[in-house]
Each structure stands twice: as C-alpha cells, then as structure tokens.
2 protein chains.
Amino acid sequence: MKRADNRKLHMVGLRDVRDINQTVFLHLIRERQPISRAEIAKATGLRAGTVSAIVNRLIREKLVYEGVAGPSSGGRPPKYLYVNAESAYVIAIDIGVRDSVYAVSDFNGRLLTQRAMLTKGEPEAFLRSLAGEIKDLIGAQYARTRFKAVGVSIPGLIDRDEGTLVISPNLGWKDIPVRAILEEELGYPVYVENDANAAAFAELWYGPLEEVGVRTLLFVLVVEGLGTGLIINGELHVGSRVGLGGFGHMSLDPNGPLCSCGRRGCWETLASNRATLTRYRAVTGTSIGSVTDLISLAQQGDQAALETLRATAAYLGEGIANLAHGLSPETIVIGGEIAGAWQIIGPLIREKVQSRYILPSRINLNIRPASVQRPSLFGAIPIALQHCFHPAQRFDALKRAVTPRIKLPAKVAGR
Amino acid sequence: MKRADNRKLHMVGLRDVRDINQTVFLHLIRERQPISRAEIAKATGLRAGTVSAIVNRLIREKLVYEGVAGPSSGGRPPKYLYVNAESAYVIAIDIGVRDSVYAVSDFNGRLLTQRAMLTKGEPEAFLRSLAGEIKDLIGAQYARTRFKAVGVSIPGLIDRDEGTLVISPNLGWKDIPVRAILEEELGYPVYVENDANAAAFAELWYGPLEEVGVRTLLFVLVVEGLGTGLIINGELHVGSRVGLGGFGHMSLDPNGPLCSCGRRGCWETLASNRATLTRYRAVTGTSIGSVTDLISLAQQGDQAALETLRATAAYLGEGIANLAHGLSPETIVIGGEIAGAWQIIGPLIREKVQSRYILPSRINLNIRPASVQRPSLFGAIPIALQHCFHPAQRFDALKRAVTPRIKLPAKVAGR
DNA sequence: GAGCTTTATCTGCAAGGATGATAAAGTTCG
DNA sequence: CGAACTTTATCATCCTTGCAGATAAAGCTC
C-alpha cells in the first residue's frame with residue numbers, strides 16, 4: 001500500500017526561498033529587536049538591497065514595523081525594526097493533574113494574561129468550561145483581538161494528527177478529542193502536545209541566550225508522573241504518529257516498585273513527585289501535600305525530607321545518565337516543582353551522570369533547572385506560534401524528498 | 001564567548017534551489033532507474049520543461065546518462081535515464097574487533113569488491129597496513145578510477161569533526177587519528193562514523209522498499225559490545241560533537257553484572273555477544289567461539305544454547321522496550337550475528353516490547369532483523385557517499401537559522 | 001564646510017521555475 | 001492506409017528571486 005511510486009516529492013521553488021528567508025528575518029528581528037536593516041545585513045550576509053526588499057515586504061504585511069531612529073555610530077542613524085506584537089495572538093493552555101492554566105500571548109511570545117483553574121470533573125465537560133472561561137476572558141479584555149491559534153499541553157499520549165489525547169494515566173483521561181472540543185468552542189485552530197514536549201520547546205524558545213546554538217536538548221519534566229521531551233536538531237522529536245511516551249517508563253530496576261504500566265522499576269515509579277512523596281511517607285509515616293512543601297521542610301532542616309529529596313535526585317541522575325550517554329544532548333533541563341531544590345539535587349544529579357560517563361572530561365554536558373516556572377505552559381505558546389510559520393513543515397518535506405534508497409542486488413556478497 | 005551576534009545566519013538563494021532540486025532528481029533517478037523524464041515530472045509535480053532542464057544539466061555534468069528508449073505506452077516512447085555509476089566511487093571500511101572489511105562501491109551504492117583482514121597489532125600500524133592493502137587493490141583493479149571519499153565505521157566513540165576515534169573499549173584503542181592516518185595514506189577525504197550509526201544508515205539506504213517513508217529508525221547492533229544508532233527525521237542523530245555512546249551503557253539492573261564502564265547491569269553486559277557467550281559458558285562449563293556457532297548448536301537442539309539465546313533475546317527486548325517507548329521509532333532493526341537466529345529471538349523480543357507498551361494496539365512498531373549481512377560495512381558506503389551531496393548540510397544550516405528565541409521579561413508572572 | 005562613515009534605496013542583471021505552444025514519435029482504429 | 005489521439009520532450013517567454021554596483025540620505029570628525 002505504501003508504494004514508492006505514489007510518494008509525491010516536494011520540490012523547491014522561488015517561493016520557498018522567499019518564505020524561508022522571510023521567516024529567518026522575522027525570527028532574527030524578534031530575537032534581537034530592536035535591530036536595523038544594516039545589522040540584519042551583517043548577520044545574514046545578504047546584500048543591503050536584498051535586506052531592504054525583504055524587510056519592506058514584512059512591513060507591508062504588518063508583521064514588522066519601523067520604530068524611531070537609533071543612535072548614529074558615526075554615520076546615518078539606523079531605523080530600528082520591531083516585530084509587530086499585535087500581528088498575531090495565541091492562546092496557551094496547560095492542563096495539569098491538579099490545576100490547569102490558560103494564557104494569552106502576543107506574537108513575541110510574551111505572556112499577557114495568565115489564569116488558573118482546578119482540573120476536575122469529566123474531561124469533556126471540564127474542557128468546555130475551560131473554553132468558557134477563555135471566551136469570557138477574550139470578551140472582557142480581547143474583544144477586538146484576532147487569535148491565530150491555540151496551543152495545548154497535556155500530560156499523556158497524544159495523537160498529533162487528530163489532536164486527541166489517547167491516554168493519560170495521571171489525569172485518568174482516555175480518548176478525548178481535545179482539538180475537536182476546543183476548536184468547536186473557541187473557533188481557532190488547536191494544536192495539542194505532550195506536556196514534557198512542550199516544556200522542551202519552552203526551553204528552546206525561552207532558554208538562556210548562551211544556549212542559542214543548542215540543537216539537542218532533553219527535558220525531564222517531574223510532575224505527578226515523569227515525562228521527557230526531546231529536541232533534536234532544533235526540532236521537537238515526535239516519533240511515530242501516536243506513541244511517544246517519553247522515557248518515564250524506562251525500567252531502571254527489574255526488582256523496583258510496581259508501575260501502573262504493569263512493569264517494575266520504571267523511572268516514573270522512582271523519581272516522580274508521587275514516588276518522592278510516597279517514599280517520604282514510607283519513612284516518616286506522615287503524609288505531605290506537595291514536593292514544594294517537602295522542599296520547604298528540607299530547607300528548614302528536616303533530615304527525612306532532605307534524604308527523600310536526595311534519593312529522588314539519585315534516581316533522576318540514574319535515568320539521566322542512561323539518556324545522556326545514549327542521546328548525547330548538549331543540554332539537559334529538569335523541570336517541575338523539584339527543580340526548586342536545585343541546590344540540593346543539582347550536584348547529586350551531576351555526580352551520578354559524571355560517574356557513569358566514560359569520558360567526563362571531553363564531554364560538554366550542561367545540566368540545569370528549567371528557566372521558566374511552568375515550562376509546560378510556556379511551551380504551549382510556541383506550540384501554537386510555530387504553526388503561524390510554514391517553513392518548518394516545508395523543511396520536512398524537503399528532507400523527506402532527499403532520503404535515498406538503494407536496491408540491494410539479489411545476492412549479497414558474503415565475507 | 002558564544003555570543004548570539006556572532007552567529008552567521010545561512011540564507012537561501014537561487015543556487016540552493018538548483019542544488020536541492022538537482023539532488024532530489026539524482027536520488028529519484030537512482031532509486032527508480034530506469035526512469036523517463038515524464039515519470040520524473042509526474043513524481044515531482046514539476047513541469048516537463050523544468051524537468052528537462054534539470055535532467056540535461058545532470059547529463060552535462062555526467063552524473064546521469066540517457067539509455068535506450070523504453071517501450072511506448074501509447075505514444076512517443078520515453079528515453080530512459082540512468083545514474084552514471086562510474087561518476088563517483090567510494091571506499092568503505094568497517095573495522096571490527098575480530099576482522100575488518102574494506103570494499104569498493106560505485107555511485108549507485110553497490111558493492112563491487114569486498115575483502116577482509118584480521119584486526120590486529122598496534123592501531124596506527126594496522127590502519128597503515130589496511131591502507132596498504134587498499135592501495136594494492138586500487139592499483140590492481142581500479143588504477144584509472146577516481147575515488148571521491150572513504151567512509152569508515154568503527155565501534156567506539158568518534159569525534160566526527162576531527163575524524164578521530166576517541167576511545168573504543170572493545171577494540172582497546174584510544175585517541176587514534178583515523179582520518180589523519182588514512183587521508184595521509186590514501187589521499188581521499190575520510191569520514192569516520194560509529195559502527196552502530198553506520199549500520200542504522202545502512203538500513204535507511206538499503207532497507208526494504210516498504211520502508212521508504214520511514215523517518216525514524218533505531219538500530220541495535222549486537223557485536224562484542226552493544227551499540228545503538230538512531231535515525232531521526234531521516235538523518236543520523238549524532239548529538240554533541242563528541243559523546244554519542246549509544247544506549248549500550250544504559251543500566252537495566254542496578255544489581256546486574258559489572259560493566260567495563262564501572263557501573264552495573266549495563267545493557268551491553270546483558271545482551272552483547274560477549275555476555276551471551278559468557279552466560280553459555282557459565283551454564284555449560286564449555287567455551288564456544290562465536291554466537292554464530294551458538295546459533296548452530298541451538299538449531300541442532302542444544303537446550304543450553306537455546307536457553308542462552310532466549311535469555312539474550314529477553315534482555316534485548318527489555319532494552320528495546322525502554323527505547324521504543326521513549327523514542328517511538330517507526331522501525332527497530334537488530335543487527336549482528338544474533339540476528340541470524342531471528343526465528344528464535346524475534347518473537348521473544350516482540351513479546352517483551354508489547355508487554356511493556358501501554359497501547360500495543362494503536363502503535364505501529366516494526367521490529368525486524370537487519371537487511372544486510374554486515375550492516376556496519378554497508379553503512380560506511382552512505383557515510384562516504386553522503387558527503388558527495390551537500391544539501392543535507394545545507395538543510396541543517398537552514399534549520400539552524402530558523403530556531404527562534406524569546407527574551408524573557410524580567411519578572412515572570414507567577415500563577 | 002570638506003571628507004568620511006554608516007545606512008538605506010534604486011536600477012539593471014542573472015538565474016530559477018512556471019507557462020503554454022510546438023515538435024517528435026508512437027498507437028489506435030475506421 | 002491515414003486521420004486522430006497520446007505520450008514525451010523541447011522551446012520561447014514571463015515572473016520572481018537574490019545579486020551587484022551606483023546613488024542618495026543623514027550624521028560624525030576635524
């Protein structure tokens with residue numbers, strides 16, 4: 001059925017050149033605004049005339065506007081360019097096990113409004129009430145605003161093409177047509193993504209400037225469960241259409257605790273918030289509400305709390321060591337409440353990873369806590385925004401077209 | 001030091017359009033030769049005139065030639081096009097722990113000559129004697145041939161930029177400037193790659209035609225050690241410059257056997273050929289030379305051998321289950337001698353993976369043995385050939401240029 | 001204020017693919 | 001046999017892209 005002959009190849013044309021360069025410009029301007037045409041020319045290597053042409057096209061399309069003139073550096077002063085933040089707005093939704101957050105972001109990816117509500121009730125009813133709140137917010141504050149898209153991040157297995165949540169053990173949801181529901185309610189295109197993936201995306205867009213060149217990043221999101229998001233070559237790794245569960249169910253110990261997936265010793269059963277709190281309760285006999293509370297206790301000198309966090313850090317380190325060696329990312333980011341205890345867990349995680357690495361000296365692995373407070377929410381913004389730009393998809397088409405294939409001769413020469 | 005301002009952006013121009021389309025054509029012709037201009041037009045969606053222009057350019061550059069006219073399908077008969085196999089030759093070298101193989105391949109990626117020699121002696125001396133044999137072969141059979149590149153696949157950690165083998169525990173080599181040595185001896189550009197990565201590449205290029213659309217593939221190479229190669233989006237995942245060790249040192253059991261890396265229960269200590277043979281010896285008290293021999297024994301009804309293979313299959317399945325869930329590749333390929341026992345190990349591996357997967361029904365995961373006998377050798381061919389085509393690199397440049405970045409506001413709104 | 005630098009624009013050019021007409025070489029069928 | 005139709009490949013023309021070099025605008029320096 002999947003015949004080679006039926007595959008449509010996507011070729012490249014002048015329009016692609018224009019679109020790609022235009023998008024590069026847009027991102028460049030957004031990244032370094034304010035910026036002058038001359039600076040763009042220097043950064044891109046394009047001729048000044050070409051730069052003007054492209055910039056003026058962007059201005060004509062109202063994606064960019066010309067601000068005041070900047071200070072002269074010994075010659076004609078530059079005219080500063082800015083991304084027109086009002087040219088596109090998106091809605092970001094982060095559905096968590098306890099609470100869900102929705103937010104409005106402008107074209108610059110900046111959060112304008114952010115509100116939370118408890119996650120409760122039947123999935124569909126909850127989503128509709130969430131949409132209702134969003135519609136209220138829009139009516140009250142953004143009546144004249146045109147939204148381009150909605151980005152949703154959810155803990156669980158996502159069918160990206162359909163925009164449905166296939167299953168989420170932690171939410172207790174199954175087969176929820178998230179996109180269908182929200183598109184019906186809101187009337188904007190909805191893009192659904194796994195929370196850890198969104199979080200990884202957030203680091204890519206909002207992460208520290210020193211990491212501008214980073215192309216490969218692993219995000220470890222520690223919440224009720226434990227998820228991982230993987231950025232490879234500056235792109236979210238999504239694997240096959242359905243199925244990217246992340247490394248939460250990587251088994252680290254065949255004799256470990258039983259996991260909801262039926263196996264033993266999954267990473268999630270050892271290092272998630274639930275595992276951490278359970279472990280604390282097992283040791284002390286007292287229940288505690290959240291990992292944030294546990295961190296407070298540890299910082300106040302509670303030895304049991306401290307040891308519990310240290311144990312979690314060790315398990316995190318174990319799993320990260322496996323992945324660090326296997327994927328060799330440039331950066332590993334840990335997010336979730338536990339990242340608030342970085343002074344405690346950071347060194348332990350690093351130590352674990354270093355002890356496993358064969359060549360710690362030559363490998364430049366950066367391990368750090370997340371740079372935003374709720375990465376899965378911040379990630380939902382680029383999830384929505386990226387769909388305002390087509391070229392990413394076009395790149396994919398190009399790459400697909402170039403994968404070669406060699407027919408093997410009937411007999412293979414033995415050795 | 002890594003300032004954003006210093007990053008040179010790579011823009012797109014007319015030349016890129018031409019190069020990319022030309023390369024797409026070349027691959028298309030190679031994949032489906034013989035093919036007519038009209039068929040190319042249908043496959044690409046380009047106009048007949050455009051197709052002619054590009055094809056004639058390729059013919060002028062001697063990369064393609066026009067063969068005899070094909071059979072008419074009711075009108076003017078097509079002129080068949082073929083890739084000029086003689087337009088480029090490459091040398092492939094696969095350095096193994098026991099033996100090493102070198103081969104000559106034409107531009108179609110077809111093996112023309114293949115020879116083996118034992119891997120022994122000091123690394124540098126061995127590489128020079130290997131180069132000497134290759135030079136002899138060239139002198140005898142390919143005196144008039146122009147080679148474009150040399151691809152080398154080695155088990156171990158590679159510094160791709162330098163072309164050096166950083167370390168190979170299994171070979172017992174360390175800090176060997178493979179590229180420098182071979183380029184000095186042979187005079188052609190040398191590209192060095194990890195053996196499992198090369199093997200993954202081999203599946204991408206030589207794999208079954210049904211998998212033409214496959215973009216994500218995991219190769220598990222079981223030799224003395226155990227390595228993994230990962231293809232993501234049709235591209236080899238190489239991670240940071242130095243460091244991709246693969247998942248061989250993923251720990252599956254904190255109480256497992258001690259590994260050379262200092263940890264316990266690494267996948268390699270459980271499922272590699274060495275582990276398998278050690279396990280057989282531990283059970284039976286008798287030593288055996290190779291896994292191939294072990295498979296023969298099992299097929300002859302030796303219960304101990306059969307059980308040994310089954311145990312290895314279970315461990316392979318364990319590791320693969322971890323990775324399948326975390327990376328969600330479309331295809332997982334297992335290579336090495338043990339793949340010869342696919343009837344025995346295949347079902348067991350599948351079972352292990354299925355039992356771990358939360359949703360086996362909806363996930364379309366293809367697990368199969370390697371489609372070539374020595375995948376690391378076959379992989380060395382595309383390693384060399386791919387450098388004859390620039391666009392892959394250019395795509396990378398494009399993507400890098402488009403990665404956006406948002407400056408965070410000073411204060412992040414709490415929730 | 002002359003000369004220089006920096007910034008932005010303008011005008012013509014080369015090269016890519018798109019388009020539609022045309023030629024070439026068969027098949028089909030009355 | 002030959003007119004009509006198909007399939008395949010080419011040609012001349014057009015639009016768009018980025019490129020190049022000249023030119024204009026606006027400030028600094030001495």
Side-chain angles (χ1 to χ4, degrees), chain A residues 9-25 29 32 34-61 64-81 391 394 397-398 401, chain B residues 9-25 29 32 34-61 64-81 391 394 397-398 401:
Chain A
L9 289 177
H10 296 251
M11 307 303 290
V12 201
L14 290 180
R15 211 172 292 154
D16 301 86
V17 173
R18 185 196 55 190
D19 285 0
I20 290 172
N21 283 349
Q22 216 165 287
T23 309
V24 172
F25 268 49
I29 294 171
R32 307 203 200 157
I35 188 175
S36 69
R37 290 171 176 78
E39 281 179 81
I40 295 178
K42 210 177 285 172
T44 59
L46 292 180
R47 316 299 298 204
T50 309
V51 171
S52 269
I54 297 175
V55 164
N56 292 340
R57 227 156 48 203
L58 288 171
I59 291 176
R60 215 176 311 124
E61 291 175 26
V64 163
Y65 67 91
E66 216 168 39
V68 293
S72 162
S73 60
R76 174 175 172 177
K79 284 182 217 159
Y80 275 155
L81 300 170
R394 201 157 276 160
L398 295 189
Chain B
L9 289 177
H10 295 252
M11 307 304 290
V12 201
L14 290 182
R15 213 170 292 154
D16 301 86
V17 174
R18 187 196 54 192
D19 284 1
I20 290 173
N21 283 350
Q22 216 165 288
T23 309
V24 172
F25 268 49
I29 295 170
R32 306 201 201 158
I35 187 174
S36 69
R37 290 172 176 77
E39 282 179 80
I40 295 178
K42 211 178 284 173
T44 59
L46 291 180
R47 297 301 172 146
T50 309
V51 170
S52 269
I54 296 175
V55 164
N56 292 340
R57 227 157 47 206
L58 287 171
I59 292 176
R60 214 176 310 125
E61 291 174 27
V64 163
Y65 67 91
E66 216 169 40
V68 293
S72 163
S73 58
R76 173 175 175 177
K79 285 182 216 158
Y80 277 157
L81 300 169
R394 200 157 275 159
L398 295 189

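Below, read A as the first sequence line, B as the second, and so on, with proteins coming before strands; counting in each chain starts at 1.
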Notebook entry, point to check: With sugar-phosphate meaning primed atoms plus P, OP1 and OP2, does B:Ala38 contact a base, only sugar-phosphate, or nothing at under 4.0 Å between heavy atoms?
Noted result: sugar-phosphate

Can you check whether [X] has a side-chain N or O nearer than 4.0 Å to OP1 or OP2 of [N]?
| X | N | result |
| --- | --- | --- |
| A:Asn21 | D:dG18 | yes |
| A:Arg57 | D:dG18 | yes |
| A:Thr50 | D:dC19 | yes |

In whole Å, what is the span from the [atom1] atom of [X] to the [atom2] atom of [N]?
| X | N | atom1 | atom2 | value |
| --- | --- | --- | --- | --- |
| B:Glu39 | D:dA9 | CD | C1' | 14 Å |
| B:Leu46 | D:dA9 | CG | P | 15 Å |
| B:Arg18 | D:dT17 | CZ | C1' | 14 Å |
| A:Lys79 | D:dA26 | NZ | C1' | 10 Å |
| B:Ile40 | D:dT7 | CD1 | P | 18 Å |
| A:Arg37 | D:dA26 | CZ | C1' | 15 Å |

Next item on the list: Identify the heavy atoms of B:Ser36 and B:Pro78 that sit nearest to each other, and give their distance.
Entry: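 Smallest interatomic distance, heavy atoms only, reads CB-CB, 3.3 Å.
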
Checklist line | Closest non-hydrogen atom pair, B:Pro34 against B:Tyr80 | finding: CB-CG, 3.6 Å

Tabulated below should be each protein N or O lying under 3.5 Å from an N or O of nucleotides 27-29 of chain D; please produce it.
unit_1 : atom_1 : unit_2  : atom_2 : d
D:dG27 : N2     : A:Gly74 : O      : 3.2

Checklist line | From A:Ile40 atom CD1 to A:Leu46 atom CG, the distance as rounded to the nearest 0.5 Å | finding: 9.5 Å

Notebook entry, point to check: 5' to 3' on DNA chain C, which nucleotides open and close the contacts with chain B (atom under 4.0 Å from a heavy atom)?
Noted result: C:dA15 to C:dT27

Next item on the list: Test B:Phe25 against B:Thr44 for side chain to side chain contact (heavy atoms under 4.5 Å, CB included), laying out the working first.
Entry: CA-CA 9 Å; B:Phe25 268 49; B:Thr44 59; 4.1 Å; yes

Notebook entry, point to check: Which of the following nucleotides, D:dA9, D:dC19, D:dT10, is nearest to the side chain of A:Arg47?
Noted result: D:dC19

Taking distance alone, no hydrogens or angles, what donor-acceptor pairs closer than 3.5 Å link side-chain atoms of residues 50-58 of chain B to residues at least two apart or in another chain?
unit_1  : atom_1 : unit_2  : atom_2 : d
B:Asn56 : OD1    : B:Arg37 : NH2    : 3.2
B:Asn56 : ND2    : B:Ser52 : O      : 3.1
B:Arg57 : NE     : B:Gln22 : OE1    : 3.0
B:Arg57 : NH2    : B:Gln22 : OE1    : 3.2

